[in-house]
Amino acid sequence: MTLVVVSVSVTYAGTVLLGRMLGLSAERSLLIATGFSICGATAVAAARSVVDGDDDDAAAGIALVTIVGTLAVVVLPLLYGPLGLDPE
């Protein structure tokens, strides 16, 4: 449980910080961080009204979560050998 809380917190805070460093709006940074750290596009859509982001902010968050998730499906299986992990 602690690992999950720490992992989500670090991912959320790091993504918000990176977004701010890249000059993104606070709303867009928060929506992207929510998508990356919680559960993807569904989290972005659910958080949109809370964050008060516009359609472009939500679209950017959903697009980034989708692109990164798709890349992860392709890249992560290739890394299990070099990282010393077993297939399970």
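Computed from heavy atoms alone, side chains included, the values below leave out hydrogens, waters and symmetry copies.
The line from CD1 of Ile62 to CG of Asp55 is 9.5 Å long, rounded to the nearest 0.5 Å. Between the CZ atom of Phe36 and the OG1 atom of Thr15 there is a distance of 6.5 Å, given to the nearest 0.5 Å. Expressed to the nearest 0.5 Å, how far CG of Asp56 lies from CG of Leu31 amounts to 11.5 Å.
A single hydrophobic cluster is seen to contain both Ile38 and Val4, as judged by linkage of ILVMFWY side chains at heavy-atom distances under 4.5 Å, directly or through other members. Cluster membership check: Leu30 shares its hydrophobic cluster with Leu64, using side-chain heavy-atom separations under 4.5 Å among Ile, Leu, Val, Met, Phe, Trp and Tyr. Linking ILVMFWY residues whenever their side-chain heavy atoms come closer than 4.5 Å, directly or via other members, places Val16 and Val68 in the same cluster. If you chain together hydrophobic residues whose side chains sit under 4.5 Å apart, Val75 and Tyr80 fall into the same group. Cluster annotation: Val6 is not connected to Val8 through the hydrophobic network of ILVMFWY side chains, with a link wherever side-chain heavy atoms come within less than 4.5 Å.
Under the 4.0 Å criterion applied to side-chain N and carboxylate O atoms, Asp54 and Arg48 are not assigned as salt-bridge partners.
When all heavy atoms of Ile32 and Leu24 are compared, the closest pair comes out as CD1-CD1, 4.0 Å. Nearest heavy-atom pair across Pro77 and Ala72 is CD-O, 3.7 Å. Nearest heavy atoms, Val44 versus Ala58: CG1-O, 3.7 Å. Listed here is the closest heavy atom pair of Tyr12 and Ser37: CD1-OG, 3.3 Å. Nearest heavy-atom pair across Arg20 and Ser29 is N-OG, 3.6 Å.
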*Let me see the working for Val5 and Thr2 under side-chain contact (heavy atoms from CB on, under 4.5 Å), right down to the final yes or no.*
CA-CA 5 Å; Val5 171; Thr2 303; 5.8 Å; no

*Is there a side-chain contact (heavy atoms from CB on, under 4.5 Å) between Cys39 and Thr42 once you walk through the steps?*
CA-CA 7 Å; Cys39 71; Thr42 304; 4.1 Å; yes

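The closest side-chain heavy-atom distance from Leu76 to Leu79 is below 4.5 Å. Contact annotation: the side chain of Asp57 approaches that of Ser25 to within less than 4.5 Å [non-hydrogen atoms, C-beta and beyond].
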